[in-house]
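In this chain, residues are counted from 1 in sequence order. Side chains included, hydrogens not; waters and symmetry mates left out as well; all remaining heavy atoms used. Worth saying up front: this structure is predicted, and the values here are computed from it rather than measured.
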Amino acid sequence: MVPVSGRRRSVPRWLRRTVGPLALLVLWQVLSASGVLEADILASPGTIAATAGDLVSDGALPSAMLVSLQRVAVGLLLGGMTGVVLALASGLSRLGEDLIDATVQMLRSIPWVGVIPLFIIWLGIGEAPKIALISLGVAFHLYLNVYAGIRGVDAQLVEAGTSLGLSRWGLIRHVVLPGALPNAMTGLRYSLATAWLALVFGEQINADDGLGFLMNQAREFFRTDVIVVCLVVYAILGLIADFLVRTLERLLLQWRPTFTGQ
């Protein structure tokens with residue numbers, strides 16, 4: 001009797017995705033244990049794990065995370081609102097495009113990190129320049145993607161909506177904005193990545209709390225373990241934020257079939 005061949009059991013995706021990071025972690029530990037990678041250059045994974053436990057137990061790491069999250073949230077809200085409003089005004093109106101787009105395109109070509117000295121002069125060394133830096137980076141990403149999404153809507157869909165008797169607001173609500181939503185979600189993902197990057201630079205501005213403050217203190221005492229812990233926290237928070245945006249994207253864009261790989 002010939003056995004019926006069933007479907008070959010494949011390795012779960014989550015397991016395949018962990019192979020690379022785990023292999024890198026094992027190699028790192030081996031190099032540290034063998035003395036090839038000295039502790040003064042980079043602490044071992046075991047030391048970093050112990051340091052993370054100490055920072056969590058004494059409350060330093062949770063407190064710093066909360067402060068950094070607040071800065072990102074406020075900067076993302078302000079920058080996101082600014083970018084979306086400017087994109088709507090520029091994308092939906094030729095007059096708005098003439099008045100706004102050229103200025104935004106000019107300003108976005110300036111490295112936003114380079115305006116830190118001006119922000120310090122204008123806003124001082126408190127929370128304002130940190131939040132302003134985050135907002136600036138977020139606003140440009142959202143503006144470019146939302147504007148491109150609006151102008152990328154198929155003209156035939158607009159004509160079809162007009163022929164069905166939709167008003168200008170009806171066209172915007174039922175045709176233009178849904179068509180621009182995929183680009184807007186992409187812009188949000190880029191904005192989140194930029195927000196965390198801007199936070200790293202912003203927390204170098206005379207910070208007395210937050211993850212950047214912990215990193216600055218660790219740098220002065222050559223504590224590579226603390227620096228790596230903060231970098232790992234930045235990465236984890238960024239991944240969590242990206243996961244939330246991906247989830248939101250799946251909920252809002254259920255109507256759009258996409259290719260998910262083979």
Side-chain angles (χ1 to χ4, degrees), residues 68-155 172 176-207 210-212 231 234-235 237-242 244-246 248-249 252-253:
S68 295
L69 282 171
Q70 290 175 343
R71 288 169 178 159
V72 168
V74 175
L76 186 65
L77 178 62
L78 295 178
M81 291 176 59
T82 302
V84 169
V85 169
L86 291 176
L88 291 175
S90 181
L92 297 174
S93 167
R94 292 181 180 178
L95 176 61
E97 180 183 16
D98 295 338
L99 295 176
I100 297 172
D101 188 64
T103 303
V104 174
Q105 297 294 342
M106 177 185 66
L107 292 177
R108 80 176 184 86
S109 63
I110 301 175
W112 46 268
V113 179
V115 302
I116 292 179
L118 285 177
F119 281 169
I120 294 176
I121 294 174
W122 295 340
L123 304 173
I125 56 176
E127 289 296 301
K130 303 175 182 62
I131 294 175
L133 188 65
I134 297 171
S135 301
L136 185 65
V138 167
F140 286 139
H141 276 303
L142 272 176
Y143 173 85
L144 292 174
N145 283 274
V146 173
Y147 173 80
I150 292 173
R151 290 306 175 93
V153 173
D154 193 343
I172 293 173
V176 177
L177 293 183
L181 190 57
N183 281 63
M185 299 306 298
T186 300
L188 181 58
R189 291 180 63 187
Y190 278 118
S191 296
L192 281 169
T194 301
W196 290 113
L197 179 61
L199 177 68
V200 175
F201 288 103
E203 289 186 333
Q204 310 300 316
I205 306 174
N206 196 41
L211 294 173
L231 292 176
Y234 276 127
L237 292 176
L239 288 175
I240 293 174
D242 186 71
L244 293 176
V245 175
R246 283 175 178 266
L248 181 63
E249 188 176 20
L252 295 178
L253 302 179

Participant: Rounded at 0.5 Å granularity, tell me how far CG in Leu77 sits from OG1 in Thr82.
Facilitator: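 Leu77 atom CG to Thr82 atom OG1 measures 9.0 Å (nearest 0.5 Å).
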Participant: How far apart are the closest heavy atoms of Gly187 and Leu142, and which atoms are they?
Facilitator: C-CD2, 3.8 Å
Participant: Could you go through Leu177 and Leu88, starting from their C-alpha distance and side-chain angles, then the distance that decides it, and tell me whether this counts as side chain to side chain contact (heavy atoms under 4.5 Å, CB included)?
Facilitator: CA-CA 9 Å; Leu177 293 183; Leu88 291 175; 3.8 Å; yes
Participant: Counting N and O atoms only, with roles assigned by atom type, does the side chain of Thr194 sit under 3.5 Å from a partner on the main chain of Gly137, one being a donor and the other an acceptor?
Facilitator: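 Not at all, since once roles are kept as given, no pair shorter than 3.5 Å links the two residues.
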Participant: Where do Ala198 and Leu133 come nearest, in terms of heavy atoms and distance?
Facilitator: O-CD2, 3.6 Å
Participant: Go through the structure and list residues passing side chain to side chain donor-acceptor pair (under 3.5 Å) with Ser90, not counting sequence neighbours.
Facilitator: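 Ser90 satisfies side chain to side chain donor-acceptor pair (under 3.5 Å) with Tyr143 only.
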Participant: Salt bridge or not between Arg94 and Asp98? Use side-chain N to carboxylate O under 4.0 Å.
Facilitator: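 Asp98 and Arg94: not salt-bridged.
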Participant: CG/Leu107 to CZ/Phe140 distance, rounded to the nearest 0.5 angstrom?
Facilitator: 5.0 Å
Participant: Can you tell me how far apart CG (Leu248) and CZ (Arg189) are? Round to the nearest 0.5 Å.
Facilitator: 11.5 Å
Participant: Of all the heavy-atom pairs spanning Ser135 and Gly75, show the shortest one and how long it is.
Facilitator: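 Taking Ser135 first and Gly75 second, the nearest heavy atoms are OG-O, 3.2 Å.
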Participant: Whether Glu203 and Lys130 form a salt bridge (side-chain N of Lys/Arg under 4.0 Å from carboxylate O of Asp/Glu) is what I want to check.
Facilitator: no
Participant: Where do Ala180 and Ile150 come nearest, in terms of heavy atoms and distance?
Facilitator: CB-N, 3.6 Å
Participant: Is the closest side-chain heavy-atom distance between His141 and Leu188 below 4.5 Å?
Facilitator: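 Answer no - side chains too far apart.
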Participant: Between Arg151 and Gly91, is there a donor-acceptor pair closer than 3.5 Å when you use the side chain of the first and the backbone of the second?
Facilitator: yes
Participant: Apply side chain to side chain contact (heavy atoms under 4.5 Å, CB included) to Leu144 and Gln105, showing your working.
Facilitator: CA-CA 9 Å; Leu144 292 174; Gln105 297 294 342; 3.5 Å; yes
Participant: Working to the nearest 0.5 Å, report the span between CE of Met185 and CG of Asn183.
Facilitator: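 If we round to the nearest 0.5 Å, Met185:CE and Asn183:CG are 11.5 Å apart.
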Participant: More than 12 non-hydrogen atoms from neighbouring residues, nucleotides or ligands closer than 6.0 Å to CG on Leu231, yes or no?
Facilitator: yes
Participant: Determine whether Val104 and Tyr147 make a side-chain contact, defined as any pair of heavy atoms from C-beta on separated by less than 4.5 Å.
Facilitator: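 SC-SC contact between Val104 and Tyr147 ruled out.
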Participant: Provide the closest heavy-atom pair for Thr103 versus Leu99 in the form atom of the first, atom of the second, distance.
Facilitator: OG1-O, 3.9 Å
Participant: Just how far is it from atom CD of Glu249 to atom CG of Leu181, taken to the nearest 0.5 Å?
Facilitator: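 Atom-to-atom, Glu249:CD and Leu181:CG are 8.5 Å apart.
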Participant: What heavy-atom pair brings Gly124 and Pro129 nearest, and what distance separates the two atoms?
Facilitator: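 That would be O-CG, 3.3 Å.
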Participant: Would a 4.5 Å heavy-atom cut-off, applied to side chains only, mark Ile134 and Leu76 as touching?
Facilitator: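 A side-chain contact is absent here, since even the closest heavy-atom pair is not under 4.5 Å.
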Participant: Please report the interatomic distance CG(Leu192) to CG(Leu244), rounded to the nearest 0.5 Å.
Facilitator: 8.5 Å
